[in-house]
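Structure first, commentary second.
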Amino acid sequence: MTAALAPALDPADWQARRHAHEARVDAWLTPHLERRRTGVKHPVEDFLFTYYSHRPAQLRRWHPGAGVVLRDADPAGFGPDYTAGAAGLTLDTDRVRARRAESIAWIRTLLAATAGRPAQFGCFGMHEWAMVYRQTQEQVRHNAWPLRLSPADTAAVVSERGVRCSHFDAFRFFTAPARPLNVLQPTREGQHALEQPGCLHANMDLYKWAYKLSPLVPSELVADCFALAREIRALDMRASPYDLADLGYPPVRVETPEGRAEYATAQRGFAERAAGLRTRLLAALDRAVPADHR
């Protein structure tokens, strides 16, 4: 059987892709970098740049993904993971895999395990409430913005609704009194067994897994995951105990039946979109990593 030829892009094509990616990302980066320069903080728009380790310049840099040949491309513009051949420049996937084999395998297992589980939609965003449980206004993480309810009323909502968080990286920010209230006690070691595709934070983290897999996956896919994570963060904070209405984020009042219904509807929509991105990440990985290397 003849091996399939790697797709080759002419300069006009790959340069157009690169410029489109840079322009898309600049729309996110420019206001963030301006806020950083002036010392202004934004609890929604800046989160993806502060919580995650991917730097703005890294997000802006374009990679075509594994198995794509760039005709007439300068190796100096793409870095040491690329190799030049007669047809053009291409990513040296063997080099990347050799350096990051353990991380790649861990991420692929997590993505596949999460995709194989039914989505759960009964948490109603109580993880954010558990992060301020029994704290005063001065103690909460985003204390420059007021809470919508008093600390006592906030705690009462948590006690009444309960907490059903399956995501370790949300659970680890719970206050100490809130942790025993959770029906699960997530750990890093148990992440593969608990992650489920309805979780806002699991779907936000697709951005993290995408950039950790770069340059094996195309930068457009990383940006798609960023775009989803940005929208999820907005819902996360609108449903939180914080009052961010003055920033343009009207509350989703999950302490009410109407608010919980609004939250669950949005959560289902995000889960559907995340499922498509998760499938694309797995497909990109499978193209880059032969079956005998997984």
For the aromatic rings, using the six-membered ring if either is Trp, is the centroid distance between [X] and [Y] under 6.0 Å?
X      : Y      : result
Phe226 : Phe49  : yes
Phe168 : Phe171 : no
His127 : His201 : yes

Nearest 0.5 Å, please: how far is [atom2] in [Y] from [atom1] in [X]?
X      : Y      : atom1 : atom2 : value
Arg24  : Leu29  : CZ    : CG    : 12.0 Å
Glu195 : Thr109 : CD    : OG1   : 12.5 Å
Leu147 : Trp129 : CG    : CH2   : 9.0 Å
Asp205 : Arg278 : CG    : CZ    : 10.0 Å
His167 : Leu184 : NE2   : CG    : 13.0 Å
Thr154 : Leu149 : OG1   : CG    : 4.5 Å

Could you check whether any side-chain heavy atom of [X] comes within less than 4.5 Å of a side-chain heavy atom of [Y], counting everything from C-beta outward?
X      : Y      : value
Asp169 : Arg188 : yes
Gln139 : Thr175 : no
Thr90  : Tyr82  : no
Tyr211 : Cys225 : no
Leu91  : His63  : no
Phe121 : Arg268 : yes
Pro177 : Tyr133 : yes
Trp14  : Asp10  : no

Compare every heavy atom of [Y] with every heavy atom of [X], then report the nearest pair and how far apart it is.
X      : Y      : answer
Gly198 : Ala271 : CA-CB, 4.3 Å
Gln267 : Leu235 : N-CD2, 4.4 Å
Glu128 : Ser240 : CB-CB, 3.8 Å
Phe270 : Leu200 : CD1-CD2, 4.0 Å
Ala227 : Trp28  : CB-CZ2, 3.8 Å
Gly259 : Val252 : O-CG1, 3.4 Å

- Is the number of heavy atoms from other residues, nucleotides or ligands under 6.0 Å of Asp246 CG greater than 12? no

- More than 12 foreign heavy atoms under 6.0 Å from CD of Glu34: is that the case here? yes

Polar side-chain atom of [X] near backbone of [Y] as donor-acceptor pair, under 3.5 Å:
X      : Y      : value
His21  : Arg17  : no
Arg179 : Phe174 : yes
Tyr242 : His142 : yes
Asp243 : Arg148 : no
Glu272 : Gly269 : no
Thr256 : Arg253 : yes
Thr187 : Gly190 : yes
Ser219 : Arg61  : yes
Arg260 : Gly122 : no
Arg164 : Asn182 : no

- Message: Taking salt bridge (Lys or Arg N to Asp or Glu O under 4.0 Å) as the cut-off, I'd like each qualifying pair that reaches into residues 76-93, sequence neighbours left out, listed once.
- Response: Asp81-Arg95, Asp81-Arg99

- Message: Could you work out, with salt bridge (Lys or Arg N to Asp or Glu O under 4.0 Å) as the rule, every residue matching Arg230, not counting sequence neighbours?
- Response: Glu45

Flag yes if [X] and [Y] sit in one hydrophobic cluster, no otherwise; membership is Ile, Leu, Val, Met, Phe, Trp, Tyr, and two members link when side-chain heavy atoms are under 4.5 Å apart.
X      : Y      : result
Val217 : Val25  : yes
Val183 : Leu194 : yes
Val140 : Tyr51  : no
Leu206 : Ile104 : yes
Leu247 : Leu48  : no

- Stepwise, does the side chain to side chain contact (heavy atoms under 4.5 Å, CB included) test hold for Ile107 with Leu213? CA-CA 8 Å; Ile107 293 170; Leu213 293 171; 4.0 Å; yes

- For the pair Trp62 and Glu220, evaluate side-chain hydrogen bond (donor to acceptor under 3.5 Å, both in side chains) and give the outcome as yes or no after the intermediate values. CA-CA 8 Å; Trp62 180 76; Glu220 290 92 342; 3.1 Å; yes

- side chain to side chain contact (heavy atoms under 4.5 Å, CB included) between Glu231 and Arg273: does it pass, once the steps are laid out? CA-CA 11 Å; Glu231 291 185 46; Arg273 290 168 59 188; 3.0 Å; yes

- Message: Is the terminal nitrogen or CZ of Arg233 (NZ for Lys, CZ for Arg) located under 6.0 angstrom from the six-membered ring centre of Phe47 and within 45° of that ring's axis?
- Response: yes

- Message: Go through it in stages, so that I can follow the logic: the residues are Arg108 and Asp286, the test is side chain to side chain contact (heavy atoms under 4.5 Å, CB included), and I'd like the CA-CA distance, side-chain angles, deciding distance and then a yes or no.
- Response: CA-CA 9 Å; Arg108 192 191 187 286; Asp286 289 349; 2.9 Å; yes

- Message: Set out, in order, the CA-CA distance, both residues' side-chain angles and the distance that settles salt bridge (Lys or Arg N to Asp or Glu O under 4.0 Å) for Arg60 and Asp26, then state yes or no.
- Response: CA-CA 7 Å; Arg60 191 177 190 272; Asp26 282 345; 2.7 Å; yes

- Query: Should Gln191 and Trp106 be marked as a side chain to side chain contact (heavy atoms under 4.5 Å, CB included) after you check the CA-CA gap, both sets of side-chain angles, and the distance that decides it?
  - Reply: CA-CA 11 Å; Gln191 191 167 0; Trp106 193 95; 3.4 Å; yes

- Item | Step-by-step salt bridge (Lys or Arg N to Asp or Glu O under 4.0 Å) determination, Arg71 to Asp13 | CA-CA 10 Å; Arg71 294 192 177 105; Asp13 295 326; over 6 Å; no

- Message: Would you call the rings of Tyr249 and His42 parallel, tilted or perpendicular, taking 30° and 60° as the class edges?
- Response: perpendicular

